[in-house]
*Asks:* 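So that we are looking at the same thing, I have put the structure below in structure tokens.
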Amino acid sequence: MRIVFYSTNSNIFDEVNFKINVLPKNQTAFENLKNAYPQNEFFYLTQKPGIFMPEEGSVILPKDAGPEDFVNEIITLKADLAVAMTFWIEPYDWLPVSDALIAEKLRAAGVRTICHSVQTGLSCFDKWRTHNELARMGFDVAAAVFCDHDLYFCAGSNKEVLRNVYKESVLAQIRGLRLPVIIKDTTGLSSYGMTVAHTYGEVAGYLNSKRNNSNRLIEEFINGRQFGLEIYGVPGAYTVLPPFEFSVNQYGITSPKQSVKYGPCQLPEVLREMMLKLADGLGLCGAAQVDLILDDDGKWHIIEINPRLSGMTYTYAAACGLSVFEMMYKAVIEPESTGKEPVEVTANLKKHVLSLKLPLMSEKQMEEILLIEGVKLLNQTNDLAAKQEREKGFCECIIAADEKSVLQKALAHFEELFPGDAIVLQAKKMIM
């Protein structure tokens, strides 16, 4: 069988200044996949930066290539199966929709495809739409108010309007919410730009300011511990992976650039059933990531759904002793191809797994850290053009072992290498 992994990018990527370095190389993982399944031929088609892609040998289409170009290339490769390996990029998390548009055209051309639908991508891309979709499926959602940016400020450009009734209605509805509330960009990537407000005056001040530059969702803040997990599979055959706990910042929000992930935690049956209901309801087809909160009463809440590979993907792969390609093959491709139940990808799941962000380092330093017991993977992103130090990037380090002491020894080593590093100290607290 000829299998093509594909992914797109709708944005201009500055390859001169933005550097991605993964150790061990994705190329090695891809070669291992080909060796493990010699009955298949594997290809990768992408656009830069092509996160998760092999560093060499991939077909890289130009930045202005559209869906038709991808479809033509995949057909030229005589693919029996096309598999979306969707990644993400700022500012809009809409690449699942981009890859889904290609999948629609491929299916129409008779090519079997594993990819979420356009509707699923759109439902998860817009947080207000996600909120309503979750409610429609019967999940409990936090009380929320949607604020349309153009209507909220329409009086400023319309001299015939004496008072903005839409604005008044939004502020009145917000008064009915329980404080504190969280203010979200409805289409932004991850938790970037989220704000927690503790008074109604703070909310009004934010909405009336220049910071309010797009549609916003104002939602009651749910107190509790924050978790995330991934779901792999196709309709009728889903694998729900055990959750990882996320660290939070001083505002109670998970910061993508500073968070620590620790697990795997127990997967309660109630949560597993909840995720299967979600997967069935959305018709998930491929990989998806879900952000969760376990509230103070022990109830699980769905916060966000990302129908793509995620910032947890390398962590899960390392935890299971597999590559990302093997995870996709075992949990997604085999069930789709054979109609059988998904292969148990967690058979060799490590008991203690930690993902933390270390400071930027040279490749030589990365190679040295990779020799530390328990360190399975390093994933560094470095924006050379960033003006502020904290915006330049980080080196994600994933440690996995059956003994917690292995993680503790690795962190002790990092304390010596990066004295006073706040994230290393935070990681130590999480695994206590």
Side-chain angles (χ1 to χ4, degrees), residues 93 116 120 123-144 177-182 184 190-191 194 196 217-233 235 237-249 251-256 259-284 287-313 315-316 319 331 342 345-346 349 351-355 430:
D93 200 357
H116 307 297
T120 297
S123 293
C124 299
F125 164 59
D126 185 318
K127 292 180 176 64
W128 178 233
R129 191 165 172 172
T130 304
H131 179 97
N132 292 324
E133 188 69 8
L134 288 171
R136 182 193 67 79
M137 288 188 282
F139 294 103
D140 287 332
V141 293
L177 297 179
R178 184 187 68 248
L179 295 169
V181 296
I182 188 164
K184 306 175 181 179
S190 191
S191 58
M194 286 189 183
V196 177
L217 180 63
I218 303 91
E219 194 172 58
E220 290 183 352
F221 187 87
I222 302 172
N223 288 306
R225 298 161 61 192
Q226 300 212 11
F227 294 82
L229 57 74
E230 285 191 333
I231 303 170
Y232 288 79
Y238 292 113
T239 296
V240 181
L241 296 178
F244 276 70
E245 184 161 11
F246 297 165
S247 65
V248 296
N249 59 22
Y251 305 109
I253 301 172
T254 297
S255 169
S259 69
V260 176
K261 305 179 186 74
Y262 180 54
C265 305
Q266 181 182 6
L267 176 62
E269 185 59 25
V270 64
L271 178 58
R272 180 178 175 276
E273 292 297 327
M274 186 176 173
M275 293 300 98
L276 290 175
K277 177 182 176 181
L278 177 70
D280 285 332
L282 290 174
L284 295 181
Q289 188 268 340
V290 183
D291 286 335
L292 303 154
I293 289 182
L294 179 62
D295 70 19
D296 298 335
D297 295 323
K299 187 174 182 179
W300 291 95
H301 300 264
I302 298 169
I303 302 303
E304 187 168 316
I305 310 159
N306 299 304
R308 54 167 169 75
L309 297 173
S310 75
M312 299 186 73
T313 300
T315 301
Y316 274 119
V345 294
T346 58
L349 185 69
K351 295 180 180 177
H352 299 279
V353 184
L354 180 71
S355 168
M430 279 198 78

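If you're wondering where the values come from, they're calculated on a predicted model, not measured in any experiment.
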*Asks:* Identify the heavy atoms of Trp128 and Ala144 that sit nearest to each other, and give their distance.
*Replies:*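 For Trp128 and Ala144, the tightest heavy-atom pair comes out as CZ3-CB, 4.3 Å.
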*Asks:* When the ring planes of Tyr262 and His352 are compared, do they come out parallel, tilted or perpendicular, using 30° and 60° as the limits?
*Replies:*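 Parallel: the ring planes of Tyr262 and His352 meet at under 30°.
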*Asks:* Please check if the side chain of Glu220 supplies one atom and the backbone of Arg178 the other of a donor-acceptor pair under 3.5 Å.
*Replies:*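 Yes, the answer is positive, given that a donor and an acceptor are paired below the 3.5 Å cut-off.
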*Asks:* Less than 4.5 Å apart, any side-chain heavy atom of Met275 and any of Trp300?
*Replies:*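 Result no, sub-4.5 Å side-chain heavy-atom pair not found.
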*Asks:* Show me the side-chain donor-acceptor pairs of residues 133-142 shorter than 3.5 Å, one per line, residues at least two apart or across chains.
*Replies:*
unit_1: Glu133; atom_1: OE1; unit_2: Arg136; atom_2: NE; d: 3.4
unit_1: Glu133; atom_1: OE2; unit_2: Arg136; atom_2: NE; d: 3.3
unit_1: Glu133; atom_1: OE2; unit_2: Arg136; atom_2: NH2; d: 2.7
unit_1: Asp140; atom_1: OD2; unit_2: Lys299; atom_2: NZ; d: 2.1

*Asks:* Calculate, to the nearest 0.5 Å, the distance between atoms CZ and CZ belonging to Phe246 and Phe227 respectively.
*Replies:*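 So the CZ of Phe246 and the CZ of Phe227 are separated by 9.5 Å.
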*Asks:* Is there a donor-acceptor pair closer than 3.5 Å between any side-chain N or O of Thr254 and the backbone N or O of Val248?
*Replies:*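 Side chain of Thr254 to backbone of Val248, a donor-acceptor pair under 3.5 Å: no, none is there.
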*Asks:* Any side-chain heavy atom of Pro264 sitting closer than 4.5 Å to one from Phe244?
*Replies:*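 Heavy-atom side-chain distance check passes, below 4.5 Å.
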*Asks:* Between the main-chain N or O of Gly252 and the side-chain N or O of Gln226, is there a donor-acceptor pair closer than 3.5 Å?
*Replies:*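 Answer holds: yes.
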*Asks:* With a sphere of 6.0 Å drawn around NZ of Lys351, does it hold more than 12 non-hydrogen atoms of other residues, nucleotides or ligands?
*Replies:*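 Result for NZ/Lys351: open.
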*Asks:* Taking the side chain as every heavy atom from C-beta outward, state whether Ile303 and Ile222 have any pair of such atoms under 4.5 Å apart.
*Replies:*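 A side-chain contact under 4.5 Å exists here.
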*Asks:* Closer than 3.5 angstrom, by distance alone: can the side chain of Tyr232 be matched with the main-chain N or O of Val345 as a donor-acceptor pair?
*Replies:*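 No, because the side chain of Tyr232 does not come within donor-acceptor range (under 3.5 Å) of the backbone of Val345.
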*Asks:* Between Val181 and Phe221, is a side chain to side chain contact (heavy atoms under 4.5 Å, CB included) present by the stated rule, with each step listed?
*Replies:* CA-CA 5 Å; Val181 296; Phe221 187 87; 5.8 Å; no
*Asks:* Does the pair Leu229 and Tyr316 meet the rule for a side chain to side chain contact (heavy atoms under 4.5 Å, CB included), with working shown?
*Replies:* CA-CA 9 Å; Leu229 57 74; Tyr316 274 119; 3.5 Å; yes
*Asks:* Quick check for you: to the nearest 0.5 Å, what is the distance between Ile302 atom CD1 and Leu292 atom CG?
*Replies:*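 Ile302 atom CD1 to Leu292 atom CG measures 6.5 Å (nearest 0.5 Å).
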*Asks:* Side chains of Cys124 and Leu282: does their closest heavy-atom pair fall under 4.5 Å?
*Replies:*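 Contact flag for Cys124/Leu282 side chains = yes.
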